[in-house]
Amino acid sequence: MQKNYDHNGSEDAIYAKWEKTDVMTADVSSNKKPYTIPLPPPNVTGQLHLGHAAMLAVEDILIRYKKMTGHETLWLPGTDHAAIATENVVLKHLGLKTREEMDREDFLSECRKFAGEKHDRITHQIKKMGAHLDWSREAYTFDSERNFAVNWVFKKLYEDGLIVRGHRMINWSVGAQSVLADDEVEWDDNIADFYEFWCGPFLIGTVRTETKCADSPVVVHPTAEYVRAINATGKECIVTKKYYDAHTELRKDFNIQEVVPGEALVGQEFTAETYAGPRKFWVIADEIIDPAFGTGAMTISASHSPDDFELAQRRDLPLIQKIDFAGTMTDIAGPCAGMPVQEARKRAGELLEEKGLLFEKRPHPNRVPKCYRSGTIVEPMLSPQWFISVEKEFIDEFTGKKTTLKKQMQEAVRENHIKIIPQRFEKVYFQWIDNLRDWCISRQIWWGHRIPVWYDKNENIHLPVEKNILFARHGESEANAKKILGGDYPLTDNGLQDARKIAENIRKKGIKKIICSNLKRGHQTAEIVAAELNVPVEVWPELAEFTSSELAGKANLHREGPFEIQFDKTEDEDLIDISRRAQNVIERLKKEDDVLVIGHKNFTAALFHFSRSEDEEKFVRFRSEWKWEKGEIRALTVLADPVGEGLQQDKDTLDTWFSSALWPFSTLGWPDKTPDFEKFYPTDVLETGHDIIFFWVARMIMFGRYATGKYPFHTVYLHGLVCDENGQKMSKSKGNGIDPLEIIEEVGADAVRLSLVIGATPGNPIPLGKAKVSGYRNFVNKMWNAGRFVQMQLEDVDSEFDVEKILKNPTSLSEKWLLHRFSEVSTSVSQKLEKYEISSAGDEIYHFVWDEFCSWFLETQKIDRNPKFLYSVFLEILKLAHPLVPFITENLWSELNPKNSFLIEQNFPDLKFKDTESKRIFTLMQEIVTEIRKVRAEKKLNPKDKISVKISAGKNADSLDKTVEVMKVLANLSDVEITEKASKPERSAMVLINGMEIFVEVPFDATAEKKRLEAEIASLEKSISGLKGRLTNKSYIDKAPEHLVNQTKQQLTDAETKLDTLQKELTSL
RNA sequence: GGGCGAUUAGCUCAGCUGGCUAGAGCGUCUCGCUUACACCGAGGAUGUCACAGGUUCGAGUCCUGUAUCGCCCACCA
């Protein structure tokens, strides 16, 4: 073993070792209690940042801890297709301005290629952190399994009336040419020009001059006071009284004719000049107006402002489109038609001035909505979109009760189905839900799940059709009976019986046709069933069993379980061939209605698998778990595209978060009742950054409850955002970002994990700097060296001994003390981890290992050797620390433990050992040693010089006597004399511990000693007066708990005796 | 504008339901290359717990207000 630990050399090798076995694969058939965490899928576009690293660290600790405490854990990895983000990056990559410059399919294949490359980098980075993920179940939000779940849930929502299409005010990203969800909009502070201009007699205030060009109402407040004023030329002016009073310029020219409430103005109609020519206006009153703002009157742009739109809907006002989706003005804008919005705004302002309509122009702070991805302006626009209604009632299929999605989301937390850590985020959650509006789920981009809706010529809506294709297995063939593989053999007598049984089972299902392969056993079975049911038989050769020339004719007599197909043998079909054949068959079957397929075992398995997934690798496991008894009818549910003349699928795709929202269950095979889903759903913990609690967490809760009837997890753990050591957010622009891979390279993944976990409280920023990281690297190195020490001690020890037995029989005082402490610490760590107090648990392990095990126990072992015990207890420490620092512990485990096993397969320490007396004595010894060291440092003694000590130990004399040898070494003493009552040697310093007097022989310095004593006396007196004050307070004696009062009394007497001794000491100087 | 949170040692932060003589890491100072480790060991110093009130026998911890700083939500013609 090297002196310094080389993380770079070992971490990758260890992860590779884990990957080579199936140690990270969850066993669905296990009897253990499941514990599941769905990994929040990182965007496939990006790369790992420290936020991901923090997430991985926390989840890995939970998973490893749970696995070591007897759970069947599943930590399911995957990636997210990040629709808008990916499209933007790919567009940039290809040098395109808009996706329309390219064919849709070609563009998608570019996206796929790009996502594939990034995916590999992301998974590499994840593995670098040591994440104990089940890669065999890896998923992707945009693969065909997830697509099936997406379509399924969409259909269900649609049928429950929860998905609606409507013209709504949406956030239109001109740059991305797509709608954005409310929370995808970013706001920039800005100083805009605020115009006050004449609209007939009204002064109107606006920033958006370009929209003030069409017939619309002037809105006033119904109860606010308005003045009607007239100037010398007879020009009329209507503004709020407040505004009039505030404007000297108005008062100079205009004289009040009357003061009326806004309501009185309603109904006035007039034609007024606008920048685009004369237009018709009329007056309405509405409380939407803030009479204190601007002139107290506005015109509305119902098509381009959410508030105005809401008003227009309410008051049935016309909707006039003034801006198109390219972000330019429509014809209605007259002189500004065709101009981009920004330009038109400026030009309209100029026109107002030219026409003498402008009253005042002044700077006005406002905020501009921007696209979070493309950075371009977001225009509120009216557009037909798909929405999920969160407030519409529907009947919950699981309870039969009426509810709404919003209510289900609220109940999740209110009724404690889901706990959010830290708790204060529950308030944030509720605040968001309470104000939740319908969720716009359609996006005008290509990279995403296509909306599963088709339109016919009359704009009628068609959804995919659910079909249940029935399957029965052919009857027993001669090959089956003889357990021979391959070949084409007819049915046996049993097989004929089987066929009749199928006919009986299927009789009432309304089958219209039977489809089978051209193999004898299939065809024969089909004919028998067909004859019974009186339906035709159709032969599809592509339904045949896998070709298996390699195995054909070979006996399967002595094989256990399903035989292994050699998919890579060229003369056979390989996995890709099978996948292709299966998918073609499925597409063909989707066009059939009410059919029974007489199938072959393996190929039918392929049909079931590939109807959901395109993953060939996963089929190998699927097939090995596939069971299908003779006579058993199986139904395969598929969604078939609707049929009809001229049907066109919606061109839009779904918001990325739609598929992400299904993550906890779509990854487990839902909507099928797969073994994974049955075993691992609902999952346990959802751990993520608090920045996506709304985007993602809330929506998972919504869909989970709605689609599966169960909330998808019971705990939400929100880690903080990683920031630098000054509490600044890490960002590229600030240049304070740390690349996880670089830092791992520098200090190792274990140290990075510790840095991200210790000192981090959920929901609060996680500060991370070089100093912190290198501190934890030192800790890892410390563990390494402790391991080296253990190994060195082991050299002259015979290798065979019973670790468990040794741990049950500690011999020396220090061993008993350590075991006692270890038992305390491991219990406490368990408790903390159960409560998600990960930081505190980590801290406790850190200090136990360093301060107690290394600094004290290892030192005692140098004097009082017991290598077998040392070794045994060290292995336990490795187990304890493993969830936190998996690499170093695994490394040491394999160095020290000859048995070929992984640490993760061991049980988490559950050692119960109690010996309070040993603990007391050892602690006493520690205090004595520390005090002696203190005296030594104070007196500036050379650490090498041995000194002599006498201890007046009273009742502890006998027990302490056992520690003499250890004490001598640790405090570097020439000799120690422990008696019940020792007399003070001439030249010595005295310290008091628990009433015991420790005399340390030192070169005597009266003035220094006096100073020291005086200082100590002063501080003692202070604390005595405090204690006395408390005890003379009657209410304290009466009201404080008894043990506290007693404790205070004890402290007082202790302090007083100590004071007494010190004063005697002082006078004797 | 609404909400949430923070304010504790030079720095970054712990401190759960009130009992603290207020802790940790880093930094700093003194001494030491003692054969696991200098990525180390031993020891020291440093705090009106933002401010002002209140509740209480007792407040860093609970309540009210003020100030400063973060974050989130809503978006105002």
Side-chain angles (χ1 to χ4, degrees), chain A residues 1 3-5 182-183 187 194 204-208 211-212 219 288-290 293-301 305-308 364 366-367 369 422 424-425 427-428 431-432 435 690-691 693-694 721 724-727 729 747 751 758-761 763-772 774-793 835 837 839-840 843 846-847 854-855 858-859 862 929-930 933-938 940-944 969-972 1019 1022-1023 1026-1027 1030 1033-1041 1044-1045 1047-1048 1051 1055:
Chain A
M1 284 172 82
K3 195 167 156 191
N4 279 350
Y5 173 57
D182 288 347
D183 33 30
W187 294 82
F194 187 79
I204 302 293
T206 188
V207 167
R208 305 205 56 178
T211 63
K212 304 291 175 272
V219 191
I288 196 174
I289 286 286
D290 173 6
F293 185 88
T295 61
M298 68 173 188
T299 64
I300 70 162
S301 299
S305 154
D307 283 346
D308 293 4
H364 175 72
N366 74 344
R367 305 186 70 203
R424 69 188 147 90
F425 278 94
K427 281 185 201 164
V428 182
Q431 206 200 331
W432 185 77
N435 298 316
H690 63 73
D691 48 334
I693 181 168
F694 311 128
L721 262 45
D724 70 11
E725 61 259 79
N726 301 317
K729 242 188 200 173
V747 298
I758 298 181
T761 21
N764 286 342
I766 306 168
L768 192 87
K770 297 266 173 186
K772 188 175 181 183
S774 70
Y776 288 113
R777 179 212 42 202
N778 295 353
F779 173 73
V780 173
N781 189 245
K782 187 81 181 172
M783 279 199 88
W784 173 256
N785 276 295
R788 275 179 68 213
F789 179 77
V790 173
Q791 202 187 43
M792 286 172 174
Q793 296 300 308
K835 288 189 283 181
E837 291 173 9
S839 168
S840 177
D843 202 49
Y846 176 96
H847 282 108
C854 291
S855 295
L858 287 190
E859 295 305 320
K862 290 175 186 171
V929 168
T930 306
R933 285 169 175 171
K934 227 191 259 182
V935 171
R936 188 194 280 282
E938 269 170 22
K940 305 238 191 282
L941 296 184
N942 188 327
K944 280 181 195 162
V969 177
L970 293 184
N972 195 27
S1019 99
K1022 198 180 153 199
S1023 86
L1027 292 167
R1030 229 185 283 177
N1033 186 333
K1034 245 192 194 153
S1035 0
Y1036 177 69
I1037 307 281
D1038 294 347
K1039 291 182 186 170
L1044 258 170
V1045 179
Q1047 189 189 309
T1048 315
Q1051 282 170 345

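By convention in this document, chain letters (A, B, ...) are assigned in the order of the sequence lines, proteins followed by strands, and residues within each chain are numbered from 1.
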Could you check whether A:Ile1037 gets within reach of a base, just the sugar-phosphate, or nothing at all, counting any heavy atom under 4.0 Å? nothing
C1' spacing across the pair B:rA24 / B:rU46, given as an integer number of angstrom: 15 Å
With heavy atoms under 4.0 Å as the rule, sort A:Thr761 into base, sugar-phosphate or nothing. sugar-phosphate
I'd like to compare against my own output: the B/S/- annotation of nucleotides 16-25 of chain B with a strict under-4.0 Å heavy-atom distance to protein. ---B-S--SS
Distance in angstrom units between A:Asn778 CG and B:rC40 C1', rounded: 9 Å
Whole-angstrom distance between B:rC73 and B:rG27, as gauged at atom P: 38 Å
Does B:rA9 pair with anything, Watson-Crick or G-U wobble, both distances under 3.5 Å, and if so, with which nucleotide? none
Below 3.5 Å is the cut-off: list the nitrogen or oxygen pairs between protein and nucleotides 1-9 of chain B, distance only.
residue : atom : partner  : partner atom : Å
B:rG3   : O2'  : A:Gln431 : OE1          : 3.3

Rounded to the Å, how far apart are A:Lys3 NZ and B:rC33 P? 15 Å
Counter-base of B:rC51, judged by Watson-Crick or G-U geometry with both distances under 3.5 Å: B:rG65
Does B:rC26 have OP1 or OP2 under 4.0 Å away from a side-chain N or O of A:Lys770? no
Distance between C1' atoms of B:rU7 and B:rG41 (Å, rounded): 37 Å
What is the pairing partner of B:rG19, taking Watson-Crick or G-U wobble pairs with both distances under 3.5 Å in any strand? B:rC57
Using the C1' atom as the point on both nucleotides, what is the distance between B:rC39 and B:rG25, in whole Å? 15 Å
Provide the distance between the two P atoms, one in B:rU66 and one in B:rC29, to the nearest whole Å. 44 Å
Expressed as a whole number of angstroms, how long is the span from A:Asn366:CG to B:rA74:C1'? 15 Å
Grab the CZ-P distance between A:Phe779 and B:rA38 for me, whole Å please. 17 Å
What contact category does A:Asn1033 fall into here, base, sugar-phosphate, or nothing, at under 4.0 angstrom with non-hydrogen atoms? sugar-phosphate
Both distances below 3.5 Å, Watson-Crick or wobble geometry, any strand: find the nucleotide opposite B:rG41. B:rC31
Can you measure A:Arg788 atom CZ to B:rA38 atom P for me and round it to whole angstrom units? 8 Å
Rounded to the nearest Å, what distance is computed from the CG atom of residue A:Asn435 to the P atom of nucleotide B:rC73? 12 Å
A:Leu721 atom CG is separated from B:rU12 atom C1', nearest whole Å, by 17 Å
Rounded distance (Å) that lies between atom C1' of B:rC75 and atom CZ of A:Arg208: 14 Å
Need one value for A:Ile204: base, sugar-phosphate or nothing, where a base atom within 4.0 Å counts as base even if backbone is also close, heavy atoms only. nothing
Regarding A:Arg1030 and A:Asn1033, do their side chains bring together a donor and an acceptor under 3.5 Å, going by distance alone? no
Pull out every protein N or O sitting under 3.5 Å from an N or O of nucleotides 41-43 of chain B, one pair per line with the distance.
residue : atom : partner  : partner atom : Å
B:rG41  : OP1  : A:Lys782 : NZ           : 2.9
B:rG41  : OP1  : A:Trp850 : NE1          : 2.5
B:rA42  : O3'  : A:Arg933 : NH1          : 3.3

